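Please read these numbers as outputs of a predicted model, since none were measured by experiment.
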2 protein chains.
Amino acid sequence: MDESRFLEQYDIHRFDVPLTTIDVVCFSLVGETLHLLLARRAHMPFHGAWALPGGFIDLAVDGNLDDTVVRKVAAKTGIRMSYLEQVETIGNADRDPRGWSVTCLYLSLLDPQSREDQQVDQKHETRWVALDDLDALALAFDHDLLVEKAVARLRSKARYSSLPLHLLAETFTLQQAQRVFELVLGTRLEKKSFRRRLGEAAILEETGETLATRTRGAALYRLRPDHREHLFPRTIG
Amino acid sequence: MDESRFLEQYDIHRFDVPLTTIDVVCFSLVGETLHLLLARRAHMPFHGAWALPGGFIDLAVDGNLDDTVVRKVAAKTGIRMSYLEQVETIGNADRDPRGWSVTCLYLSLLDPQSREDQQVDQKHETRWVALDDLDALALAFDHDLLVEKAVARLRSKARYSSLPLHLLAETFTLQQAQRVFELVLGTRLEKKSFRRRLGEAAILEETGETLATRTRGAALYRLRPDHREHLFPRTIG
DNA sequence: TTGAATAGTGGCATAGCGCCACTATTGTGT
DNA sequence: ACACAATAGTGGCGCTATGCCACTATTCAA
């Protein structure tokens, strides 16, 4: 038998295969609190329970795994995420009552502007939950564990990369930038150290505007257009 | 319908699902050259081509993804890896001619002692190939890309973590340790900087022995028993 | 005893974060 | 106009870990 005939006759339905899915922990700031996106499960198992957005790959529609992630989040919320990164893949016999299951876990960051523009409401059965309020909910599957892994990744990268900047609106002050890092890390940072770091990284540009306040207005910045991630030479905090 | 009935009737064979596999880039030093393990494919597609060890999850045998990796490498070589780490998961419609395919890529490190003890030979259709000789081979699937990703991860972590130490035999001199980092990074390192770093990390212990050479013998060290990975405060080189 | 070869150390320069006090700018109340 | 409150932004030194280079220490062999 040659290879083309083999491929013609190949039928995956004959094999015992795992369930393969993606799940996303989508972070965004609501005021000064880190929130993440949950969706109510519309089908069994765990029907009616809160869970991370995610689900099966649509072989006919998705070109790759990232496509699946984008499609799943968009279907639930209409949201276009500003940052997307793969965290880890968890696969074992126990995590899904339907059987052996593999999920590819993603982390995404969404700026508050985009979040408010989007339709997260009753109809979509989605909601933003503060990280601290998660314990009160019993998430479906092992999604508690998945959230833990994503949070750990976010916190870890906040120490040495520019990643948390994607949680900011399009323009922002340096103080707001510092605050975002502080919220993610859970510690206060030194103003001078933070500004020096960010300045030397050369990843921001001034808009020329200043934020109107009661007192001296702070200069507004935006991420340089091409910027995705900067790695600092040392950790902070 | 309640959930237990739903689960009883659930049959994954009815759905269009991707192929889900694992692949491993298993590194080891042969002399002073970084090599990786390849296995000749025994089945279609790419029958007879060289490929990374890996394959399908055995739902009846494997408890989780790591089990699959260990089983696959052991089946091909009898090798028990000293270090194992997940790199990234690649999934798309094009990488496998049988259809939509997801692979979870692992990196593993093997010390030269264990490698020599194990049966990597004609019968198993496996071989160790120098990284630089890879271009001459046309690896199956997208395994060139997978190797590239694993190498990038190894090089990157050599700059700030103790990971390359797992490429050493059970006991080793500080010079040998330095040499391993140099081989992985592809640059020379300063003797003093390297030793100071390793010393302050406190991850080694002296055996008390010295290596017998023609001249002054260097002290022998081993990894502290519980050690898996140390993160240095700054990057080297 | 001396030299070759490798093992291991002393000591100062440098880069980037920690820290604290200082100056600068703007709105408000008198 | 002027002083004050409040926030924005900077100067400058200390600390830590790496870069660098020269120096001392140990061992074997001639």
Side-chain angles (χ1 to χ4, degrees), chain A residues 32 155-164 168 171-182 184-222 230-237, chain B residues 32 156-162 164 168 171-182 184-222 230-237:
Chain A
E32 288 232 317
R155 294 230 164 98
S156 158
K157 291 195 86 164
R159 296 190 311 144
Y160 63 87
S161 95
S162 65
L163 195 145
L168 290 160
T171 65
F172 50 87
T173 66
L174 294 182
Q175 204 208 52
Q176 292 170 336
Q178 182 177 336
R179 195 80 194 106
V180 167
F181 277 82
E182 290 176 340
V184 169
L185 289 168
T187 60
R188 304 307 297 268
L189 298 177
E190 265 319 297
K191 182 165 60 167
K192 189 63 194 300
S193 306
F194 182 81
R195 284 164 185 244
R196 199 172 29 203
R197 241 164 98 92
L198 221 49
E200 280 165 12
I203 55 182
L204 304 185
E205 57 188 21
E206 291 195 67
T207 65
E209 312 280 304
T210 58
L211 190 65
T213 64
R214 223 176 332 189
T215 66
R216 177 177 180 179
L220 282 168
Y221 293 81
R222 69 167 69 84
H230 175 80
L231 300 181
F232 297 102
R234 306 191 196 163
T235 57
I236 201 174
Chain B
E32 289 233 316
S156 158
K157 291 196 87 164
R159 297 190 312 146
Y160 63 87
S161 95
S162 66
L168 289 161
T171 65
F172 50 87
T173 67
L174 295 182
Q175 203 208 52
Q176 291 169 336
Q178 181 176 337
R179 195 77 195 109
V180 167
F181 277 83
E182 290 176 340
V184 170
L185 289 168
T187 59
R188 304 306 298 266
L189 298 176
E190 267 316 300
K191 182 166 59 168
K192 188 64 193 298
S193 306
F194 181 81
R195 282 164 185 244
R196 199 172 31 204
R197 241 163 99 92
L198 220 49
E200 280 164 11
I203 55 183
L204 303 185
E205 59 186 21
E206 290 194 68
T207 65
E209 312 281 303
T210 57
L211 190 65
T213 62
R214 222 174 337 185
T215 65
R216 177 179 179 177
L220 282 168
Y221 293 81
R222 71 167 68 86
H230 175 81
L231 300 181
F232 297 102
R234 306 191 196 164
T235 55
I236 200 174

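The side chain to side chain contact (heavy atoms under 4.5 Å, CB included) test applied to B:Ala218 returns B:Thr173, not counting sequence neighbours. Partners of A:Arg234 under the side chain to side chain contact (heavy atoms under 4.5 Å, CB included) rule, at least two apart in sequence or in another chain, are B:Arg234. By the salt bridge (Lys or Arg N to Asp or Glu O under 4.0 Å) test, B:Glu209 pairs with no residue at all, sequence neighbours left out. For B:Arg197, there are no salt bridge (Lys or Arg N to Asp or Glu O under 4.0 Å) partners, not counting sequence neighbours. Partners of A:Tyr160 by ring pair (Phe, Tyr, Trp, His ring centres under 6.0 Å), not counting sequence neighbours: none found. Partners of A:Ser161 by side chain to side chain contact (heavy atoms under 4.5 Å, CB included), not counting sequence neighbours, listed by chain and number: A:Lys157, A:Leu163, A:Glu229, A:Leu231. Remark: A:Phe194 pairs with A:Phe181 by the ring pair (Phe, Tyr, Trp, His ring centres under 6.0 Å) rule, at least two apart or across chains.
Taking each heavy atom of B:Pro164 and B:Val184 in turn, the nearest pair found is CB-CG2, 4.4 Å. Smallest separation of non-hydrogen atoms from A:Thr171 and A:Arg222: CG2-CB, 4.5 Å. Closest approach of A:Ser162 to A:Phe232, counting heavy atoms only: N-CE1, 3.8 Å.
For DNA chain C, the residues of residues 188-195 of chain B within the heavy-atom distance limit of 4.0 Å (strictly under) are B:Lys191, B:Lys192, B:Arg195, sorted by number. Using a 4.0 Å cut-off on heavy atoms, the residues of residues 230-237 of chain B that approach DNA chain D are B:Pro233, B:Arg234, B:Thr235, B:Ile236, B:Gly237, listed by number. For DNA chain D, the neighbouring residues in residues 196-212 of chain A, judged by any heavy atom under 4.0 Å, are A:Arg196.
Within the structure, every side-chain polar atom (N or O) of B:Gln175 is placed at least 4.0 Å from both OP1 and OP2 of C:dT6.
One atom, CZ of B:Arg179, and another, C1' of C:dT6, lie 15 Å apart when rounded to the nearest Å. A:Tyr160 has its OH atom 15 Å from the P atom of C:dC17, to the nearest Å.
Each end of the helix from C:dT1-D:dA30 to C:dT30-D:dA1 gets its own rotation axis from five pairs of C1' atoms, and the angle between them is 20° to the nearest 10 degrees.
With rounding to the nearest 0.5 angstrom, the CG atom of A:Leu185 is 8.0 Å from the CD1 atom of A:Ile236. Distance check: B:His230 NE2 to B:Ile203 CD1 gives 6.0 Å after rounding to the nearest 0.5 Å.
B:Leu168 has its side chain within reach of B:Gln176: a pair of non-hydrogen atoms, C-beta onward, lies under 4.5 Å apart.
Panel note: side chain B:Thr207, backbone B:Tyr221; no donor-acceptor pair is recorded below 3.5 Å.
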Check nucleotides 27-30 of chain D for protein N or O atoms closer than 3.5 Å to its own N or O atoms and list the pairs.
| unit_1 | atom_1 | unit_2 | atom_2 | d |
| --- | --- | --- | --- | --- |
| D:dC28 | O4' | B:Arg214 | O | 2.7 |

Where do B:Arg179 and B:Arg188 land on the side chain to side chain contact (heavy atoms under 4.5 Å, CB included) test, with the steps shown first?
CA-CA 8 Å; B:Arg179 195 77 195 109; B:Arg188 304 306 298 266; 4.2 Å; yes
